[in-house]
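Take a look at the structure below.
By convention in this document, chain letters (A, B, ...) are assigned in the order of the sequence lines, proteins followed by strands, and residues within each chain are numbered from 1. Basis for what follows: all heavy atoms, side chains included, without hydrogens, waters or symmetry-related copies. A quick note: this is a predicted structure, and the numbers were derived from the prediction, not measured.
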Amino acid sequence: MAPPETLRVYNTMRGEKVSLTPLEPGKIKIYVCGPTVYSYVHIGNARSFTSFDVIVRYLRYRGFDVKYVRNYTDVDDKIINAARVIGQWGTRLTVQNDGSATLDGQPFKWTTDGHKLTLIDRAELPIDLAKQTVTLDGEALVRQGAPNDPIEHAAHFVREFEADAKALHMIPPDVSPKVSETIPEIITIIEKLIAKGVAYESRGDVYFQVSKYPQYAKLSKRKLDDLQAGARVEPGDAKREPLDFALWKSAKPGEPSWESPWGRGRPGWHIECSAMSAKYLGDTFDLHGGGLDLIFPHHENEIAQSEAASGVELCKCWMHGGFLDLEGAKMSKSLGNVVRLRDALQKVDAEALRYFFLSTHYRAPLGFSDKSLADADARMEYFYETLRLANERPSAGGVDDEKHLRAIEHEMDDDFNFTGALGHLSALFADMNKQLTEKDKGKANAALTALKASVKKIASVLGLFEDDPAQWLSRRRDRAVKQRGIDVAKVEAAITARADARKAKDFKRGDEIRAELKAMGVDIMDTPQGTTWKVTPE
RNA sequence: GGCGCCAUAGCCAAGUGGUAAGGCAAGGGUCUGCAAAACCCUCAUCCCCCGGUUCGAAUCCGGGUGGCGCCUCCA
């Protein structure tokens, strides 16, 4: 399929939807700001990455040759801090995913005010834990046996991220560069900026001089005067002007550092993305993605650095994903209202979580709640139950389904309107169910074959329906059984007893048994193949 | 304080000038011994409020109210 001419994308720089015109016909180069790997990703992060996952999948579905780069920030203050905490307490302190924690094998209590993890009830220990606080941005993330090496700490959480991403059915990017592996390129860019007179060295640090770059803040549309007012100067900073930001930070003891023309040190936060995107995508590329919170200062600084260095536009179109909200507030590690992805995946199926993410447009806020998750899970059950029945039918040719695919493409072509597409997906499944009850089986099977083919195509875009339906349904039931503490043997005995009662025409007893099971959360279905049962998760 | 986003039925949520997708819930029906599942029907004369532009606005403009975000680390 030839890539369409009509695809429109909301460009934050312009504040409106623009036609996606690739720099090179048929090819799209996209850079997505990846995670800072100091702890586990939360579902807010996951929502954003899932959005770009579907966007990349759709661009490929549409026939574009996509090069997808998503970095890991593995050199950063947060990582250094997290590793330091672990170095201090080492293997003695662990906090499990369920919130329980131990110190030297003994359970202890902890609280968090959103910024600090406070250990309580353990004043007798060598460290005065009654007063001691751990600044981990609300994340009680301490893993057993972690060494006090920030790079190793980061590498560990890269692996954890990759496991989580895979569990959420995300496609891997073509390139996942790391800061620690891009140091030479970072140094080269900084040298270029110094040579051009927009950056300067000061006491082993290097800063970007914002006043030398007149277009600064064109993405976030701020006025320099306003920024000036709120600018913060750290005590240790050697900036010329408050708005200047660090490209290179001189090494402090215990921090990872590399040799540079300015002495040992490490890169500032923003320069890495400039270096990595240039290295893998060139000076100008098509799409740049990230969360809304990255607009300022991260992307703003990225633009300033890259464009000052290269003299050309960094990116044709800036895409920003909306936040995931928990009880009306943005989910973020610094607020402490965090649900980790891996914890969410314990409670709900990965595809149900994906469906939930896609149920609101990628730029809009998405409210997370147990109910919204349960709704998504119930919807996935409907889809999979339909597919299970449809898969029992033999394939038959002769019919095409264009209607649903075209409708979904129409939605997706308009700024990746996942949610609009999902509306048409409902129509597709309703059609499948109609065909499943159609009297003319031959005709129905031909229609179902075409509809199943459409589902398969859409599945590849949404990252849904990748499981075998029967297995998916079975896993869902297993999880619900476990959650509700249901005794499977008891359920099956009850079903047998009911079958006996029904055989004896004792429908009253049969219905009593049904009611008893219902009270346990078990629904039974009488089918031509016998009685089956299902459990709705709590 | 500065900048920006949002406000659609009981709930969630698409829809950026042409007369309100979809899902959940609810009510009715078909099927079933009864159920479940599925399917069908019903469910916003109207899109926070006020004013304006227009033949025509949920959609554009101005004002107001309410919520959120960024301005410090953040997807």
| field | B:rA36 phosphate, OP1 or OP2, under 4.0 Å from A:Lys518 side-chain N/O | value | no
| task | Could you check which of B:rC34, B:rC70, B:rA14 has an atom nearest any side-chain atom of A:Phe296? | result | B:rC70
| field | Nucleotide of B:rC73, B:rC70, B:rC40 approaching A:Lys330 most closely (side-chain heavy atoms) | value | B:rC70
| field | Phosphate OP1/OP2 of B:rC39 contacted by A:Tyr382 side-chain N/O (<4.0 Å) | value | yes
| message | Taking the basic N atoms (NZ, or NE/NH1/NH2) and the acidic carboxylate oxygens, is any pair closer than 4.0 Å for A:Arg70 and A:Asp174? | response | no
| said: Below the 4.0 Å mark, does B:rC39 have OP1 or OP2 next to a side-chain nitrogen or oxygen of A:Asn433? | reply: yes
| said: Taking any heavy-atom pair under 4.0 Å as a contact, classify A:Arg388: base, sugar-phosphate, or nothing. | reply: nothing
| said: If the cut-off is 4.0 Å, is A:Arg379 near the phosphate of B:rC24, judged by side-chain N/O to OP1 or OP2? | reply: yes
| message | A:Glu327: which residues meet the side-chain hydrogen bond (donor to acceptor under 3.5 Å, both in side chains) condition with it, sequence neighbours left out? | response | none
| Given B:rA75, B:rC34, B:rU16, the nucleotide with the shortest approach to the side chain of A:Asp511 | B:rC34
| remark: Among B:rC3, B:rA75, B:rA14, the one nearest any side-chain atom of A:Asn417 is B:rA14
| said: Please confirm whether the shortest side-chain N or O distance from A:Lys221 to OP1 or OP2 of B:rG2 is below 4.0 Å. | reply: no
